[in-house]
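Chain naming here is simple, since letters A, B, ... match the order of the sequence lines and numbering starts at 1 in each.
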Amino acid sequence: MLSLHDTALGRVTEIVTRDEGKLAMYVCGPTVYDVPHLGHGRSALVYDVLRRWLEARGTRVRHVSNVTDVDDKIIQRAAEERRSAGEVAEENEQVWWDAMDRLGVLRPTVAPRATEYVAQMIEAVAKMVEKEQAYSTDFGVYFASETVADYGLLARQSLRSLKIGARVERDPTKRSPVDFVLWKRAKPGEPAWSSPWGSGRPGWHTECVVMSLDLLGDDFDLHSGGLDLQFPHHENERAQAAALGRPFARHWVHHAFVELAGEKMSKSSGNYTSLVDLLDSADERAFRLLVLQSHYRSPLEVTAETIAAAESSLARLDAMARRLGAGDGLALAPVRLAASSAEPMSRGGVDIVKHVERFNARMEDDLDTPAAISEVFDLVRAANAAAEAGEVVRASSMASAASSLLASVGLMLKAASGEVDAISEDLLARREAARREKDFALADSLRDELLARGWIVEDLPTGSKLRRSHQ
RNA sequence: GGCGGCGUGGCCGAGUGGCUUAGGCAAGGGCCUGCAAAGCCCUGUACAGCGGUUCGAUUCCGCUCGCCGCCUCCA
């Protein structure tokens, strides 16, 4: 049974889903005005890990994640670049999906765009106005937060302290500092839709309520996003759902930031590393491993050093896969075995069962991926040790279990070392011949040549193999 | 000003009132190897500081110091 930290409760709680065996999850997606940074990457990875692991255990996950394609920042960017907001959004959305694909993040079941839901948002706003929980001013339509009894639940503050705490007051037409905009009147040249309150566009907080309820239904299971969305974005979504009389998310999950030099990574502060840059310069699996090796509610520092360390770890895992033939193809068999302990564990049995069960127990406990991954490394060491001891079958059973556990959280090992070209093939053959004749000087120079061509030679009991050296 | 979080060995990073000195990376020693690579074995006794509770605290409470986040767009 899965437990997660629920922001609404302020503690870890068992996740009881609306429909048994299914999970309906909404993840707040990107505003597409620029390229994604590592924080967006972590966000996507955290929920991809949750989703894949649940699916590997047989839960059917419906994953909805929005794309905000109309927004002040998109409009501003478009003005700077002297083109339409639509072009900016379209281009950056493409960059987003390309990056997600490269990261190995599964596409959401449905990925709605805000602009596809304007009519429904207008309908929702009209309803809130009708119920007098929203009001119209010269600047637009505002939600009257004080009409919602438990406003402040996700912020974990009382309405009173929220009002006291409010620092910035931009719009003097708001009745209360905690009110927020539902509809913004358009200035000339801005993207606009006609509405009962004049030509304009929806406020950001409305799209997610409308789309999540439309695509997941009332009382869906999980609503999630970064810590910065906890308040006010998610608070405001809740408030609107309450006003609309719709049962909203059963559980709320928020993950911590990626930090750079101890500070939150963010676009607005200029303190960020582009996800695309990382993908261009490192093994994308290293970032996933790094994310797995930290808890989702802890800040994560991503540096050249931590990426390099993760790549070293990855090399160790790939080496095991190469040696014991436990590549990506082996899929989920051992994970399934954990679910039905009746099934035999083949040779190697008890230890594998133990580690798989512990792995899953760690995951169930608020997604403690660092602890879960440590179980995998225990299995890796056991597999290598068994191989050293000549217990080949046992070793490869363990290796495939480790590989499968990693695959269940989206980390695919590479057993193959890549295509070896004919020239390198020949160099390797000549080196093996030289070694047989004990001409080690020649063998070593051939090895140097292979290294220069980007290959590292591994002499295994079964023969010599090549593997790609980095860079 | 309101509210919240964090401080673990060289680095990353879990966890627990007294048996894990988690796990990874790096480092040192050993084994294996023609030499390497890969791998295996061994090694470092960490928990910000000061008090308190307790038979016993890294883990509970208080204080101090340091750092960070939300309250404004933000994963």
Provide the Watson-Crick or G-U wobble partner of [N], both distances under 3.5 Å; none if there is no partner.
{"N": "rG56(B)", "value": "none"}
{"N": "rG34(B)", "value": "none"}
{"N": "rG49(B)", "value": "rC63(B)"}

| Could Asp6(A) and Arg11(A) be called an ion pair, given the rule that one side-chain N must be under 4.0 Å from one carboxylate O? | no
Between [options], spot the one nearest the side chain of [X], thanks.
{"X": "His40(A)", "options": "rC25(B), rA75(B), rC71(B)", "value": "rA75(B)"}
{"X": "Asn384(A)", "options": "rG23(B), rC40(B), rC25(B)", "value": "rC40(B)"}
{"X": "Asp368(A)", "options": "rC35(B), rG69(B), rA14(B)", "value": "rA14(B)"}
{"X": "Pro370(A)", "options": "rA22(B), rG69(B), rC40(B)", "value": "rA22(B)"}

Taking atom types as they are modelled, would you say the side chain of [X] forms a donor-acceptor pair with the base of [N] within the 3.5 Å cutoff?
{"X": "Asp228(A)", "N": "rG69(B)", "answer": "no"}
{"X": "Arg381(A)", "N": "rC40(B)", "answer": "no"}
{"X": "Arg362(A)", "N": "rA14(B)", "answer": "no"}
{"X": "Asp459(A)", "N": "rC32(B)", "answer": "no"}
{"X": "Lys267(A)", "N": "rC74(B)", "answer": "no"}
{"X": "Lys264(A)", "N": "rC74(B)", "answer": "yes"}

| query | Which comes earlier along RNA chain B counting from the 5' end, the contact point of Glu259(A) or that of Thr306(A), where each point is its nearest nucleotide? | reply |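 Its nucleotide being nearer the 5' end, the pick is Thr306(A).
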| field | Nearest-nucleotide comparison on RNA chain B, the residue closer to the 5′ end among Gln293(A) and Ala382(A) | value |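 The 5'-side residue here is Gln293(A).
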| message | Testing Leu260(A), Thr273(A), Leu290(A) one by one against Val302(A) for a side chain to side chain contact (heavy atoms under 4.5 Å, CB included), which residue passes? | response | Leu290(A)
| Hey, does Gly262(A) reach any base, or is it just sugar-phosphate, or nothing, if we go heavy atoms under 4.0 Å? |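 Result for Gly262(A) = sugar-phosphate.
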Return the value, rounded to whole Å, for the distance between atom [atom1] of [X] and atom [atom2] of [N].
{"X": "Arg322(A)", "N": "rG39(B)", "atom1": "CZ", "atom2": "C1'", "value": "12 Å"}
{"X": "Gln230(A)", "N": "rG2(B)", "atom1": "CD", "atom2": "P", "value": "19 Å"}
{"X": "Leu317(A)", "N": "rA38(B)", "atom1": "CG", "atom2": "P", "value": "14 Å"}
{"X": "Asp72(A)", "N": "rC74(B)", "atom1": "CG", "atom2": "C1'", "value": "13 Å"}

| On a whole-Å scale, what distance lies between the P atoms belonging to rC41(B) and rG24(B)? | 10 Å
| said: OP1 or OP2 of rC11(B) versus the side-chain N and O atoms of Thr303(A): is any pair under 4.0 Å? | reply: no
| query | Under 3.5 Å, is there a donor-acceptor pair between the Asp459(A) and Ser464(A) side chains? | reply |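 Asp459(A) vs Ser464(A): donor-acceptor pair found between side chains.
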